[in-house]
Amino acid sequence: MGKELIVHKAHLPKALLSVRAAQYVRMSTEMQHYSIQNQAAVIAAYAHAHNLALVRTYKDEGESGLLIKNRPGLLQLLEDVENGQTDFGHLLVYDISRWGRFQDVDESAHYEFMCKRAGIKVAYCAEQFDNDGTMLASIVKNIKRVMAAEYSRELSVKVYAGQCRFARLGYKPCGNPGYGLVRELVDEKEQSKGILKKGQRKYLATDHVRVRPGDQREVAIVRWIFNRFLEVKCETVVAWELNKMKVPSRPGTPWTRVMIGAILRDESYIGNLLFNRRSWKLRQTHTYNPPEQWIRAEGCLEPIVDRAIFAKVAKFINERRVDLTEEEMLLRLRRTLLKEGKLSVGIINRTPGLPCSATCQTHFGSMRNLYRLLGYTPKRNYEFLESRPLWSEQKTKLASRIRNAIRRAGCRTSTGGWTDSLRVNGTICVSVRAARWTPGKEETHSPHWAIQCDTHVPAGWIAAIRLSEHNKAVLDYVLLPTDGKVKRTIRFSQAARRHRSIACFKTAEALVRAITRRVTRTSRASRAMPAPQNTRVKPTRPKARTGRARH
């Protein structure tokens, strides 16, 4: 198995590359059911006419051409081109607009130049000109790019005008309804056609979307939130009580003060529909519009909350906001510190008269700077923050070395979609992290190391840089498998490392070699695994096992 023939795509003969082509197809919305097939048919006819063999497809379904960050197909194509992982000499695209409707026409030209610099010829199969580099082709391409960008701008203006008109009529043009509300699809005669679930949209131009009260249990929770807030005068307390009662939120996550604040400010609960409070034209920047540009349709919804109760809540929230100077903020925080004996994000957020923790971070840079100005030393150890530039740079270098070593072994790598992670051959994931040193809580407890997994670390391998005492330098390197179920943090001590069979390496070179061996072995095993056959196997009774199972 170790001496099989490995074909390196970058070393294919030029004669073979000249007859191999890849195609890039994209459709803007999921409602264009046949757009991908139509593009593929035209590209296939072009390839047949020019004696080209299609060997690879890069595809973006339901993605707008305004930005590149939401197009994994194009990103993968450009990454393969930059890293020399292409096994074709031609790239076939339906037309200029499928390549992108970038508002900066130079961006589209830049991506095409990247392909040409790598020796890949770009052809637009449905255009009436040949992309042969002549002056005429350059002029037509630039005009087509400007036309593609202008089409998006004109369409944005028309869609925005239509949304404003329907919002004034009491329809909901876009967005999700609040908690306790649902979207109802109605026809031109205001007859209901059913409730729209999350992600669903209307397809007929004569249909419209109304908002009405939904689940009666959620409606009761909304009324309880307003009444309870008038009693406790604190969003955090309301959220804490909802979590204690195990009331599910709309996204399924625990309730927060931000969720409660959004409900308390939403005029939909008194029958008003607001639109154009914030705009995101051409997906460039989110803009908060002034109140005079808001569109308010009053009395178009069935109210849930009494207007008098909503007015009391709004009055309290408006009067609660007081503009404080930084000196006054520090003075109030010192008083709270003397009263409570300590400070934390939770104490700051629930204490009346104090700015929230987000406001403190905005004014003072971070909570550490705020504590330093107050002369307060928290119990939590923040030494690892000072060494963050050290191990952040080390992580980037280690990830680059692992990527290069795996590619030299004949495997294909790509960004896994996670920070400091890479995917090998589309299946195996390797994540690079830092194992921070943390002292024991007591003198008798030994120190341990913590690997922060952010939101999610995929199944595969975690290569971690283990930091020395007080996180001042690199101690060694560890390698451990993960099943993808760890959500927050992995902790282990020196004794637990041996018990959990976490491999340890003194140098980065040894770690890279170990990862390369494991990844290539797993990749070969997956390729050599025979396809499952539709045969029935007689079940056998498992043998009794004695002793402790090894995990």
Side-chain angles (χ1 to χ4, degrees), residues 27-33 61-64 70 155-156 158-226 242 247-256 258-281 283 286-289 293-307 310 313:
M27 67 176 183
S28 301
T29 64
E30 297 177 356
M31 293 183 289
Q32 299 173 343
H33 294 293
E61 297 184 274
E63 298 294 347
S64 171
N70 60 334
L155 183 62
S156 175
K158 295 177 182 178
V159 170
Y160 174 73
Q163 289 178 339
C164 293
R165 184 171 69 88
F166 285 116
R168 292 187 180 94
L169 296 176
Y171 298 109
K172 189 170 182 61
C174 58
N176 296 320
Y179 184 82
L181 302 174
V182 294
R183 296 180 302 152
E184 183 181 24
L185 186 65
V186 297
D187 58 14
E188 67 276 9
K189 298 181 180 180
E190 294 293 325
Q191 298 297 320
S192 177
K193 300 180 68 174
I195 302 299
L196 293 176
K197 298 181 180 179
K198 184 178 180 180
Q200 293 181 340
R201 64 182 71 183
K202 74 181 189 70
Y203 285 89
L204 299 179
T206 56
D207 292 344
H208 302 290
V209 178
R210 289 278 190 187
V211 177
R212 67 172 181 82
D215 189 354
Q216 292 302 316
R217 291 174 296 182
E218 293 187 358
V219 171
I221 291 297
V222 171
R223 293 170 179 160
W224 180 88
I225 289 174
F226 277 87
L242 288 174
V247 176
S249 63
R250 183 65 64 83
T253 58
W255 289 89
T256 63
V258 176
M259 294 181 184
I260 302 300
I263 291 176
L264 296 175
R265 293 172 175 84
D266 193 348
E267 294 188 20
S268 301
Y269 299 116
I270 57 173
N272 298 341
L273 181 65
L274 264 67
F275 179 70
N276 201 37
R277 295 185 63 180
R278 189 175 69 166
S279 58
W280 188 28
K281 296 180 180 179
R283 297 192 177 186
H286 290 276
T287 303
Y288 288 90
N289 299 320
Q293 295 184 9
W294 296 357
I295 298 177
R296 178 182 281 104
E298 297 185 357
C300 61
L301 313 178
E302 180 183 348
I304 294 178
V305 180
D306 186 80
R307 285 183 173 269
F310 188 90
V313 171

Item checked: Check: Trp294 ring centroid to Tyr288 ring centroid under 6.0 Å -> no
Checklist line | Worked check of side-chain contact (heavy atoms from CB on, under 4.5 Å) between Leu242 and Ile260 | finding: CA-CA 10 Å; Leu242 288 174; Ile260 302 300; 3.7 Å; yes
Checklist line | salt bridge (Lys or Arg N to Asp or Glu O under 4.0 Å) partner of Asp207, chosen from Lys193, Arg201, Arg183, Lys189 | finding: Lys193
Check: At what distance, to the nearest 0.5 angstrom, does CG of Asn272 lie from CZ of Arg296?
Finding: 6.5 Å
Checklist line | Nearest atoms (heavy-atom pairs only) where Met259 meets Ser249 | finding: SD-CB, 4.3 Å
Item checked: Ile295 CD1 to Arg165 CZ distance, which is reported to the nearest 0.5 Å -> 11.5 Å
Margin query: Apply side chain to side chain donor-acceptor pair (under 3.5 Å) to residues Tyr160 and Asn276 and explain how you reach the verdict.
Written below: CA-CA 9 Å; Tyr160 174 73; Asn276 201 37; 3.0 Å; yes
Next item on the list: Assess whether atom CD of Glu302 is packed by more than 12 heavy atoms of other residues, nucleotides or ligands within 6.0 Å.
Entry: no
Checklist line | Parallel, tilted or perpendicular, as decided by the 30° and 60° cut-offs, for the rings of Phe166 and His208 | finding: tilted
Next item on the list: Might you point out which heavy atoms bring Leu185 and Lys202 nearest each other, and give the distance in Å?
Entry: CD1-CB, 3.6 Å
Check: Which atoms form the tightest heavy-atom contact between Val182 and Gly214, and what is the distance?
Finding: CG1-CA, 3.8 Å
Note to self: Please report the interatomic distance SG(Cys300) to NZ(Lys172), rounded to the nearest 0.5 Å.
What the structure shows: 10.0 Å
